[in-house]
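Computed over heavy atoms, backbone and side chain alike; hydrogens, waters and symmetry mates excluded. We number each residue from 1, following the sequence as shown.
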Amino acid sequence: DLFHKFMCYCKTSRGDLEKSIADAEAKAPELVASIDASEGKLAQLKTDVETHKEDREAAKTAMAEATAIREKEAEAYAK
């Protein structure tokens, strides 16, 4: 009886397994394209982050320079 159940399972599940494999093979190129697009997006985002870091440092430098000038002018005004 166990043998018959196993054979029935093998016969009926083969079609499901073949369909599952075919679906996975069909979906593989879509996934590759999605991964490639995501890698491109990641590279762009990394570039954006570096640009923003540089801009932030430039802004900090500009603020420090402006603060120094204001302090110097305030000191000169106070005299």
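For the side-chain hydrogen bond (donor to acceptor under 3.5 Å, both in side chains) condition, the pairs that include at least one residue of residues 59-72, sequence neighbours left out, are Thr67-Arg70.
For the side chain to side chain contact (heavy atoms under 4.5 Å, CB included) test, residues two or more places apart in sequence or in another chain that qualify with Ile21 are Leu17, Glu25. Every side chain to side chain donor-acceptor pair (under 3.5 Å) that Lys19 has, sequence neighbours left out, goes to Asp23.
How far CD of Glu30 is from CD1 of Ile35: 12.0 Å, rounded to the nearest 0.5 Å. Taken to the nearest 0.5 Å, the OG atom of Ser34 stands 13.0 Å off from the NZ atom of Lys41.
Using a 4.0 Å cut-off between charged side-chain N and carboxylate O, Glu57 and Lys53 make no salt bridge.
Summarising the geometry of Ala26 relative to Pro29, their closest heavy-atom pair is O-CD, 3.3 Å, with the distance given to 0.1 Å.
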Does Arg14 form a salt bridge (charged side-chain N to carboxylate O under 4.0 Å, His left out) with Glu18? I'd like the steps, not just the answer. CA-CA 6 Å; Arg14 181 177 177 156; Glu18 288 174 350; 2.9 Å; yes
